[in-house]
Amino acid sequence: MEWAWIPITIWAAACQTLRTGLQKQLKGRLSTNGASFVRFAYGLPLALAYLGACLYFTGKSIPAGHAEFYFWTAVGGVAQILATNLLILALSMRNFVVATAYSKTEALQAAAFGMLILAEPVSMAGVSAIVIGTIGVLLISLKGSDNALKSFLFGWMEKSALIGIGSGALFAVSAIGFRAASLSLGEEFLPLAAATTLVHAIVLQITLMLVYLLWREPGEIGRVIAAWRPGLVVGFASAAGSAGWFTAMALMTAAYVRMLGMSEMIFTFLMSYLVFREKPSRTEIIGVVVLLAGILLGLAVRK
């Protein structure tokens with residue numbers, strides 16, 4: 001299964017692109033926290049189905065949890081919620097384009113955290129591939145900036161960029177946490193370990209967000225229930241993507257998974273061009289080419 005993480009990651013990136021597009025349908029009907037809650041609450045049934053399928057086809061039982069597993073699952077789950085909230089804060093700022101762009105440094109930060117926390121080395125060629133891919137993502141993400149080149153070179157100095165980088169750091173910690181949780185189970189069939197982690201993480205996130213909504217936005221629960229039709233679709237796409245991310249990160253170092261996961265930007269670019277008929281800018285086209293070069297290099301040095 002050395003190569004299986006590649007198509008699984010591409011699947012996850014495609015699902016994430018679809019989920020982002022579908023979630024726009026909920027804009028205006030739900031608050032930001034309500035829309036986030038939808039992806040977990042309505043995604044849980046599919047996560048349970050994935051776990052059930054792993055158990056059925058392997059004939060195994062659910063791996064027993066322990067303190068280390070629950071610790072890393074909590075780290076990953078909480079970091080993911082905080083990262084999302086930081087990204088939402090960044091989007092409310094004046095220069096949100098720069099903030100969003102710098103949140104995409106997640107793969108680079110995942111490589112650093114992976115080496116520090118899990119002692120998983122990434123070769124210099126691998127780091128180079130991630131850096132090249134990150135540059136490509138930044139160029140694509142800076143669409144809409146008043147001066148893309150200036151934003152690319154000096155945007156990291158802005159407050160919004162620092163918030164974006166913080167969001168990317170938390171997303172990276174989340175990826176490391178989920179990988180560590182899956183590996184700590186000692187399960188030979190890694191998809192089962194990933195499915196177990198996924199279900200535990202979603203249950204934790206639902207619990208935390210439910211408590212928060214009941215405390216701060218009590219009327220939002222009713223609106224979430226009323227939006228069950230689009231919510232099911234968003235939840236399905238989210239859970240399908242999460243199942244892919246968790247499985248891929250159980251099979252491969254998080255840094256390489258997040259590197260290939262940057263292909264999400266290519267899917268978004270293609271959707272804008274083919275579906276919405278938006279004319280791409282020169283910066284976007286250059287960014288796609290650079291991102292593809294980084295991904296291909298990364299796959300060449302780590303298969």
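Using a 3.5 Å distance cut-off with no hydrogens or angles, the side chains of T247 and Y50 do pair a donor with an acceptor. A side-chain N or O of S182 and one of T197 form a donor-acceptor pair less than 3.5 Å apart. Of the N and O atoms on the side chains of E217 and S31, at least one donor lies less than 3.5 Å from an acceptor on the other residue.
A continuous path of hydrophobic side-chain contacts links F71 to L118 [ILVMFWY only; heavy atoms under 4.5 Å]. L108 and M115 fall into different hydrophobic clusters, where Ile, Leu, Val, Met, Phe, Trp and Tyr side chains are chained together by heavy-atom contacts under 4.5 Å. The cluster map of Ile, Leu, Val, Met, Phe, Trp and Tyr, joined by side-chain heavy atoms under 4.5 Å apart, puts L232 and F236 in different clusters. If you chain together hydrophobic residues whose side chains sit under 4.5 Å apart, V203 and L185 never meet in one group. Hydrophobic clustering (side-chain heavy atoms under 4.5 Å, transitive across Ile, Leu, Val, Met, Phe, Trp, Tyr) groups F267 together with W5.
Listed by first and then second residue, the ring pair (Phe, Tyr, Trp, His ring centres under 6.0 Å) pairs involving residues 193-229 are F69-H200, Y70-H200 (not counting sequence neighbours).
Judged purely by atom type and a 3.5 angstrom limit, S123 uses its side chain to pair as donor or acceptor with the backbone of G126. In this structure a side-chain-to-backbone donor-acceptor pair under 3.5 Å is missing from Q16 to G261. In this structure, the side chain of S167 engages the main chain of A83 through a donor-acceptor pair within 3.5 Å. A donor-acceptor contact shorter than 3.5 Å is absent between the side chain of Y256 and the backbone of M249. Checked by atom type and distance alone, the side chain of W72 never pairs as donor or acceptor with a backbone atom of A67 at under 3.5 Å.
Taking CZ of F40 as the start and OG of S238 as the end, the distance is 6.5 Å to the nearest 0.5 Å. I165 CD1 to T105 OG1: the interatomic distance, rounded to the nearest 0.5 Å, is 5.5 Å. Atom-to-atom distance recorded for I132:CD1 and M259:CE is 10.5 Å, nearest 0.5 angstrom. For the atom pair CG of L291 and OG of S263, the computed distance is 7.5 Å after rounding to the nearest 0.5 Å. M209 CE to L204 CG: the interatomic distance, rounded to the nearest 0.5 Å, is 11.5 Å. To the nearest 0.5 angstrom, Q205 atom CD is 10.0 Å from T73 atom OG1.
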(message) If you apply the rule side chain to side chain contact (heavy atoms under 4.5 Å, CB included), what do you find for F113 with E120, and how did you get there?
(response) CA-CA 9 Å; F113 287 127; E120 293 183 330; over 6 Å; no
(request) Applying side chain to side chain contact (heavy atoms under 4.5 Å, CB included), run through F37 and L213 and close with a yes or a no. (result) CA-CA 9 Å; F37 181 66; L213 288 174; 3.7 Å; yes
(request) Show the numbers, then the answer: is there a side chain to side chain contact (heavy atoms under 4.5 Å, CB included) between I8 and F246? (result) CA-CA 10 Å; I8 292 173; F246 278 57; over 6 Å; no
(request) Could you walk me through whether E187 and K60 pass side chain to side chain contact (heavy atoms under 4.5 Å, CB included), step by step? (result) CA-CA 10 Å; E187 171 58 49; K60 296 185 175 185; 2.6 Å; yes
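E220 places a side-chain heavy atom less than 4.5 Å from the side chain of L30. Inter-residue side-chain proximity for L198 and L51 is flagged as unmet; no heavy-atom pair is nearer than 4.5 Å. Counting heavy atoms from C-beta on, the side chains of Q80 and L170 never come closer than 4.5 Å. With contacts defined as side-chain heavy-atom distances shorter than 4.5 Å, the pair I221/L210 qualifies. Two residues are said to be in side-chain contact when any heavy atoms from C-beta on lie closer than 4.5 Å; L299 and I295 meet this criterion. Taking the side chain as every heavy atom from C-beta outward, L183 and L190 approach each other to under 4.5 Å.
Nearest heavy-atom pair, T196 versus P63, reported as atom, atom and distance to 0.1 Å: OG1-CD, 3.3 Å. T9 and V257 get closest at one heavy-atom pair: CG2-O, 3.4 Å. Between A255 and A111, the shortest heavy-atom contact is CB-CA, 3.5 Å. M262 and V137 make their closest contact through SD-CG2, 3.5 Å (heavy atoms, listed as atom of the first residue, atom of the second, distance). In this structure, V301 and A125 approach most closely via the heavy-atom pair CG1-CB, 3.5 Å. When every heavy atom of A13 is checked against every heavy atom of E264, the shortest pair comes out as CB-N, 3.9 Å.
Residue-environment remark: CD1 (I62) stays at or below the threshold of 12 foreign heavy atoms within 6.0 Å.
Geometric assessment of R179 against the ring of W245 yields a negative cation-pi assignment under the 6.0 Å and 45° thresholds.
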